[in-house]
Amino acid sequence: MTNDNKKQKYLITSALPYVNGELHLGHLVGCWLPSDIYARFCRACGRDVLYVCGADEHGTPVIVGAMKENMTYFDYATKYYEKHLRAVKDFNMSFDFYGRTHTELQEKLIHELFLRLDEEGLIEERETLQPFSIDDNMFLADRQLLGTCPKCGYENARGDQCDKCSASYEATELLNPRSAISGSTNIELRPTKNLFFLASKIEGKWKHWLEKHTSKWSKTAIAIAQGWVKEGLQDTSITRDLPWGIPVNKPGYENKVFYVWFDAPWGYVSISQAANKDWATWWKNPDAHYAQFMAKDNVKFHAVFFPEQQLAMNDNWKTVDQLKSMNFLNFEGGKFSKSENRGVFLDQAIEIAPADAWRYALIASAPETDDTNFTFSRFADIVNKDLNGMLGNFVSRVCKLTEKNFGLRIPNPGPIDDALITQINEKLSELTTALDACEFRAAIVALRSLYALGNEFMTIKEPWALVKRGETDAAGAVLNQCFQLIDLYARVSAPFIPDTAEKIRKIFSADLNLSWPETYTPRIDEGTSFCVPENLFTRIDDETVAALTDKYAPKIDSAPKPIVAKIVAVKKHPTQENLHILTVDDGTNHELQVVCGAPNVRIGLIGVLAPIGCILPGAKKPIMQRTVASIESYGMMCSAAELGQGKNTDEILELSNDFNIGKEYKG
RNA sequence: GGGUUAGUAGCUCAGUUGGUUAGAGCGGAGCGCUCAUAACGCUUUGGUCGUGGGUUCAAGUCCUACCUAACCCA
């Protein structure tokens, strides 16, 4: 398989992260790591790879951010671009070039492309009314406009949508509109002209293209594209009234820039131009293989917008063959959030553990099919077990046992163990197939199986026992085989953990490359000298895990909240006159036993249950499971007073039938 | 509000076109080994496959409704 692909051109792009804030682990696992592993794998297979990424710099967040920090737009973007560069280096990303979109090359390219679209008759001028902030002297995009929601009266509603009641409306309907930038209420509607890209005109072409190009796409990517097939492609405005971006090269548009999503995907091309003078041998080559990596929120742009523009150019642009989209990585049960200080950002991550530990552990729990929760506990398990125990320790035990009994030279080989070789080749083939298909979790499963084979082999053959029994040749043969495995591990691990692979490679005095092995063949000669390396990985102990969790994942209030629940049965207490034993349905548990003293209990009553662990307003201790007059009670039905509403302490609260059982009761 | 995707062991995930006893790894329990980084190997324990209906000789897999989450759109 890999043989046929030799020297074939592989174009690989990783979605361009935005220059706004520090990157976190989600960015790393969502685009950078999968694309980097794939790129390294392709290069090791001898393929001709062009692999680029860079910073996406245009759009409104930079404008807002720069104003806040009182910097120029370019300086602000540069500040974060430099952070990106540091992370690229820290995590060993093997981009041919990490570029940016605010460059002369980009501007030149976008101008050419725009003229091309215009020539093709796919650009149209349309006039619309837009909110204009007189004090800021600029038109406001939907996100830059705040006001009072016309539906619910929420005061911080956005220009197009209310975050509280999720109503949507036209910006013109918003009450008391104000600028999100300056806070000024001096807003008026002004007519403005914008250029539209007539995507509807190339819908047929795009659909035709789609039919033939999705064989290697992620399932979610195909689904999203299919959604647009049904809906149809819509003409989109590609210009904005903003002071930051690629200026529009058309008379009358001197104060406008291109919409960020018109220029950003083409950043792949301009960055390629900066990376390699032969860029066109990938980008204009129908035989090249193009793989894109991105997070799920970005699929629309890669499956629809970018290809439709490429097709519209009618200029032989290489479109995506393999579209790999990743889901999101959550952190310790919640989303990454800079403001809540939740999550690990890349500058912190590199202080916590070496790049290889992150690379391996993150890709081993990559969110390939669904959002995945990352925890330090899991991180430590993976590093300790796979890297430390199975790989690092294997290298260590083989080197040390050999040094002790044979000195620092590879012992002579013995007869070939066919069973072992068969197993190795099986796993190697699984690994290669998984990497070619960009199935990274499957790849890790195969990789660790390979690590396991070495340890199993040692246990079965017991070379230390052979030495004791004086069977030195047999012991040497086993160890020779183990060294061949170590060499193999360096090669197959290299795309994942490049630093470690290099350390392993340097164990041997022979200067061997880390090319991808198509099938297993021993290549370390007997007598080759080797060295005993420092431990390849360090164990992460429980105390460290606890400390890290504490530092980076401040406990969100995880106590259960009061929930709406229904009384499904009422029994009198056998001894206590005023108590009842209730059976309560809380949505998940349909037969929860609760002892209650309120007089108004009855079957069918919908009320509020404080489950075990719940801390009621004003209470110091959570509700415990306890035994009331010798009957166990699992929670408490609440009165209005207990919920902090009103003074009724005697009767439990009664709700209408509109409340959904099992939902949190929010008062 | 509409669309899409997902819901499988304590945790993280596999389960191809519906077809015997639902699979891994981690964690837990036990045994073995002592070359090695309290590392390695073996055995074992965990599941009403979100819930309720339906189609079928047969449903984790198909249909439907609902619940939950995420993303996209409005």
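Atoms considered below: every heavy atom in the structure, side chains included; atoms not considered: hydrogens, waters and symmetry mates. Convention: sequence-line order gives letters A, B, ...; per-chain numbering from 1. All values derive from a computational prediction rather than experimental measurement.
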I'd like a list of close polar pairs between nucleotides 28-30 of chain B and the protein, N/O only, cut-off under 3.5 Å.
none

**OP:** Have a look at A:Asp297 and say if it touches a base, only the backbone sugar-phosphate, or nothing, with a 4.0 Å heavy-atom cut-off.
**Re:**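 Sugar-phosphate only.
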Original post:
Do the rings of A:Phe301 and A:Phe305 sit parallel, tilted or perpendicular, given the 30° and 60° boundaries?
Top reply: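 Answer is perpendicular, since the angle exceeds 60°.
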Original post:
Is B:rG46 in the syn or the anti form, by the rule that syn lies within 90° of 0?
Top reply: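 Chi for B:rG46 falls in the syn range.
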According to a strict under-4.0 Å criterion, is [X] in side-chain N/O contact with OP1 or OP2 of [N]?
X	N	result
A:Arg539	B:rA39	yes
A:Lys400	B:rC40	no
A:Lys468	B:rC35	yes

Which value, in whole Å, describes the distance between the [atom1] atoms of nucleotides [N] and [M]?
N	M	atom1	result
B:rU21	B:rC49	P	15 Å
B:rG15	B:rU8	C1'	9 Å
B:rG10	B:rC35	C1'	35 Å
B:rG23	B:rA65	C1'	31 Å

Subject >> Closest to side chain of A:Asp381, choosing from B:rU37, B:rA70, B:rG27 >> reply: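 Of the options given, the side chain of A:Asp381 lies nearest B:rG27.
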**OP:** Could you work out which one of B:rC35, B:rC26, B:rU37 sits closest to the side chain of A:Arg448?
**Re:**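 Looking only at heavy atoms from C-beta outward on A:Arg448, the closest nucleotide is B:rC26.
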Dump every N/O contact between nucleotides 11-14 of chain B and the protein below 3.5 Å, one line per pair.
unit_1: B:rU12; atom_1: O2'; unit_2: A:Arg378; atom_2: NH2; d: 2.9
unit_1: B:rU12; atom_1: O2'; unit_2: A:Arg441; atom_2: NH2; d: 2.6
unit_1: B:rC13; atom_1: OP1; unit_2: A:Thr372; atom_2: OG1; d: 2.3
unit_1: B:rA14; atom_1: OP1; unit_2: A:Thr369; atom_2: OG1; d: 2.3

Taking only nitrogen or oxygen atoms into account, show me every contact under 3.5 Å that the protein makes with nucleotides 41-43 of chain B, one pair per line with its distance.
unit_1: B:rG41; atom_1: O4'; unit_2: A:Thr459; atom_2: OG1; d: 3.1

**OP:** To the nearest 0.5 Å, tell me how far A:Leu435 CG sits from A:Phe496 CZ.
**Re:**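 CZ of A:Phe496 is found 4.5 Å from CG of A:Leu435.
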Original post:
In dot-bracket notation, what is the pairing pattern of RNA chain B, taking Watson-Crick (N1-N3 plus N6-O4 or O6-N4) and G-U wobble (N1-O2 and O6-N3) contacts under 3.5 Å, with [ ] crossing and | for other strands?
Top reply: (((((((..((((.....[...)))).(((((.......))))).....(((((..]....)))))))))))).
Original post:
Which residue pairs pass the salt bridge (Lys or Arg N to Asp or Glu O under 4.0 Å) test with at least one member in residues 471-488 of chain A, sequence neighbours excluded?
Top reply: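 Applying salt bridge (Lys or Arg N to Asp or Glu O under 4.0 Å) to every pair that reaches into residues 471-488 of chain A, excluding sequence neighbours, yields A:Arg469-A:Glu471, A:Asp487-A:Arg523.
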**OP:** Would you mind listing every salt bridge (Lys or Arg N to Asp or Glu O under 4.0 Å) that reaches into residues 530-545 of chain A, with sequence neighbours excluded?
**Re:**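 Found none.
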Original post:
Side chains of A:Asn455 and A:Arg397: do they bring a donor and an acceptor to under 3.5 Å?
Top reply: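 Note: A:Asn455 and A:Arg397 side chains meet the donor-acceptor criterion.
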Original post:
Between A:Ile224 and A:Trp464, who's closer to the 5' end of RNA chain B by nearest nucleotide?
Top reply: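 The answer here is A:Ile224.
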